[in-house]
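First up is the structure itself, then whatever we jot down about it.
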Amino acid sequence: MDGLVEEDHKKVLGIIIEESEGNNKKRTNSSNNNNNNRALVKEKEEEEGQSGQGDRDMAPPAGNSSIHRSSSRPQLDVSKAEIQGNLEEKDPTILLPNQSDDLSHLALDIGGSLIKLVYFSRHEDQSSDDKRKRSVKDRLGITNGNRRSYPILGGRLHFVKFETRKINECLDFISSKQLHCGGWESHYTGADRNAIIKATGGGAYKYADLFKERLGVSLDKEDEMDCLVAGANFLLKAIRHEAFTHMEGQKEFVQIDPNDLFPYLLVNIGSGVSMIKVDGEGKFERVSGTNVGGGTYWGLGRLLTKCKSFDELLELSQKGDNSNIDMLVGDIYGGLDYSKIGLSASTIASSFGKTISEKKELTDYRPEDISLSLLRMISYNIGQIAYLNALRFGLKRIFFGGFFIRGHAYTMDTISFAVHFWSKGEAQAMFLRHEGFLGALGAFMSYEKHGLDDLMVHHLVERFPMGAPYTGGKIHGPPLGDLNEKISWMEKFLQKGTEITAPVPMTPAAGTTGLGGFEVPLSKGSTLRSDASALNVGVLHLVPTLEVFPLLADKKTYEPNTIDLADPSELEYWLKVLSDHLPDLVEKAVASEGGTDDAKKRGDAFAHAFSAHLARLMEEPTAYGKLGLANLLEMREECLREFHFGDVYKSIKQRENEASLAVLPDLLLELDGMDEETRLLTLIEGVLAANIFDWGSRACVELYHKGTIIEIYRMSRNKMQRPWRVDDFDGFKERMLGEKKVPPHRRALLFVDNSGADIVLGMLPLARELLRRGTEVVLVANSLPALNDVTAMELPDIVAEAAKHCDILRRAAEAGGLLVDAMINTSDNSKENSSSVPLMVVENGCGSPCIDLRQVSSELAAAAKDADLVILEGMGRALHTNLNAQFKCDALKLAMVKNQRLAEKLVKGNIYDCICKYEPAS
């Protein structure tokens, strides 16, 4: 982070970017009741805010919060979701490899015959945190035990059913897995914090007292139809290989385009049958139904066959031959087809028709034949009525669900035949692998109303290869377009420009701890004391166990500061720079605390105190001892903390991270299509260009306020011409890719700078390239907040979000202890022990935009011992300090100069010139 300001920047850069409308539109819905046909129309009202701000810009709660959105409620992330197991498995588990939020654990659909249960689990080794701490200790030689828990990626949705008459078995199952005790914090209400389980179906009322008595939980009843539709929408939009066709014993999976799903007909076959026209999220109408359904089959079957369970009756049908009971077309036409109207000889002309002419008693017929004949009679009629309703409303898609189907081939074939016959082949019946769990899934999704609008944010960024996906049979669906038709990652980033350049929201302060309202990192040996040795301004600040950076070539001659403030003109200039930046900083500080009266008072107090320090230094330059530019910037940050402003740019960092992470997968895809040399150059260009996002530079702040900074970033990436003002790229390229077979670096220390595009679109892709080449990577970040610099506390969540769409980052972060990959089977030693170079994070021991390498944290010093490459990025760490620093190992210094005076003085250049300074080991 630069930390400096520039009063005049090039007019040529004043390109105005048009505001995008965004995706947050207030949605209004209506409801309509038609008593004549008992139609039910239900449109849920969901407001996402009118301006794209509101909840989206609220500061996230402390702790393990996901970085990809600002909303504090848990959300489903179905990117890369897939069904576990083989394609024929019934009620298969759904894998959610990128799930980071903790979700509600349990939801129920309690019907008259069956209880359907859906629950979420991590399937994570309970000792995983300890394992990761040991991993870091083994690699760095120190423990990271005081750091907060790391992000967890991955989870599973499980599907289980019980017979309602055996409800105690269901209760025992819930109790044994403690499902009623887990879940997100807000699933508990009231002073006694009684647990609540979402439930739908008539049994939610009938058995509420039993759940309270046995488990101590209350059942929160959800509307049955609402849940049914919500569950179907979830599966059809989010889960690949969920829908399929089944005709003459052949199963073919259908790829559903989420953007072309509505409207459709949902046929839910339970005891009776409901036919629901679904027009959108929360918009549906029950248009028809029939009382001849699963209950009819089970009731008649029980009377006719003496079977004692539904499953037993279904099993009988698999051994049956309905031609012994049903009258077929061939029976009427002497074994021939009735081809004129498209009827084959095996088509049923009359269910149970042969029993009319045969002088037999019930006991003369095989129960197996009766079961199959009954099954086909009911299935055919359901399929026929479904198609006629689809025809009535002009619906192209018909999906069948409900436990009556149970994946039974004869049932699906008969329904499919009916739809195919009556539509003359123009329509298809489609089925769902989780057909019986639609209601339970809908109830599950009703927790905290994390619905499909949130879910689809993640689903729509899922990457597909060229051509239709293919698994387990022919895949239906629209072909994917040519790559040239796809919107580029840069265009997507530009569309998010209004999110980045929007005014700072007045967010309420989150519950925090530690000095100044932020969570103090507990480095080994950390203490808080009054600093009486350097800046004698009466400020309490973090003093971890500090050591000299071991890779300095000469510790005695090392001088961190590049600018000598002993020159009166330099001191006067930089004091004025800090003074001019003060109003904007105070505005951000007050906004970060919610704009309360108390925050305004503290903001005024900070402004007066800091102005007094600057005035004193103007009059008495040696008042606080020998000063460098780094000391001035550190004084400003410590003064902010003195008045309890812990993280002034917290909400700004959050939304810039979100915008950048949304386009990172596309950028990585683009990089992977390049040859090594082109990719390396593009990566360095990306780091330099992304360094423009700097709230410490007056020139950049003006670009933010004018809304032009995104456009400048695009220009920087697209038109970055070499040679740069300092251009040692060829030397770095030779070391990385040269013909001399030099092994890759063992370990690289990457001193990172700003949040947002700087870290996400700049340094992380560079780190990924090093990891790809077999180099261990340690990201070095601030211990405490300073301007919009990323901190070591924030990096694990950012890395976890990036890792969702990059296996290289995911494996490396898991190996380095940065995240817990719940998708790894801890019993699978071969997978767990698979070799992967680690990606790690250490804090640098300071809370300033600059860094003095004579005082770094003990964990950074330990990490440096095996490092042979240091990369310093940003003005604060590579220009204001350490531009002239010499190291024992290879060093690369990258920065965009965002101050005209500094550009002229240090590199005899202009504002926005770039520096790529590579120095081989001394």
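Remember, predicted model here, so these are calculated numbers, not experimental data. We're numbering straight along the sequence, starting at 1.
Shortest non-hydrogen contact noted between Leu582 and Ser611 is CD2-OG, 3.2 Å. Considering all non-hydrogen atoms of both residues, Leu892 and Cys916 come closest at CD1-SG, 3.9 Å. Taking every heavy atom of both residues into account, Gly756 and Ser660 meet most closely at C-OG, 3.3 Å.
Judged by distance alone, with hydrogens and angles left aside, the side-chain atoms of Asn657 form no donor-acceptor pair with the main-chain N or O of Ile798 at under 3.5 Å. Checked by atom type and distance alone, the side chain of Asn631 pairs as donor or acceptor with a backbone atom of Gly628 at under 3.5 Å. Not one N or O on the side chain of Ser848 forms a donor-acceptor pair closer than 3.5 Å with the backbone of Leu633. Put simply, the side chain of Arg725 never gets that close to the backbone of Asp913: no donor and acceptor are under 3.5 Å apart. Remark: the backbone N or O of Glu843 is paired with a side-chain donor or acceptor of Glu859 at under 3.5 angstrom.
Listed by chain and residue number, Glu677 satisfy the salt bridge (charged side-chain N to carboxylate O under 4.0 Å, His left out) test with Lys733 (two or more places apart in sequence, or in another chain). Asp598 pairs by the side-chain hydrogen bond (donor to acceptor under 3.5 Å, both in side chains) definition with Arg602, not counting sequence neighbours. Residues that satisfy the side-chain hydrogen bond (donor to acceptor under 3.5 Å, both in side chains) test with Glu769, not counting sequence neighbours, are Arg679, Arg772. Asp597 is linked by a side-chain hydrogen bond (donor to acceptor under 3.5 Å, both in side chains) to nothing, counting only residues two or more places apart in sequence or in another chain. For the salt bridge (charged side-chain N to carboxylate O under 4.0 Å, His left out) test, no residue two or more places apart in sequence or in another chain qualifies with Asp728. In this view, Thr622 satisfies the side-chain hydrogen bond (donor to acceptor under 3.5 Å, both in side chains) rule with no residue, not counting sequence neighbours.
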Decide yes or no on salt bridge (charged side-chain N to carboxylate O under 4.0 Å, His left out) for Lys905 and Asp567, but give the supporting numbers first. CA-CA 13 Å; Lys905 188 172 185 66; Asp567 182 341; 5.2 Å; no
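Among Thr775, Leu770, Leu750, the one residue that satisfies the side-chain contact (heavy atoms from CB on, under 4.5 Å) test with Leu869 is Leu770. Test Val790, Thr791, Val648 against Lys653 for side-chain contact (heavy atoms from CB on, under 4.5 Å) and you get one pass: Thr791. For the side-chain contact (heavy atoms from CB on, under 4.5 Å) criterion with Phe887, the lone passing option out of Asp868, Leu872, Asp554, Leu749 is Leu872.
A salt bridge is absent between Lys650 and Glu593: the closest approach of a Lys/Arg side-chain nitrogen to an acidic carboxylate oxygen does not fall below 4.0 angstrom. By the 4.0 Å N-to-carboxylate-O rule, Lys893 lies close enough to Glu919 to be salt-bridged with it. Ion pairing between Asp584 and Lys588 holds under the 4.0 Å rule for side-chain N and carboxylate O.
Seen from the ring of Tyr918, Arg735 does not count as a face-on cation partner, given the 6.0 Å and 45° thresholds.
Atom OH in Tyr649 sits 12.0 Å away from atom CZ in Arg655 (nearest 0.5 Å).
Between the side chains of Gln900 and Asn910, at least one donor N or O sits under 3.5 Å from an acceptor N or O.
For Glu572, the CD atom sits in a loose shell: 12 or fewer heavy atoms of surrounding residues, nucleotides or ligands are nearer than 6.0 Å.
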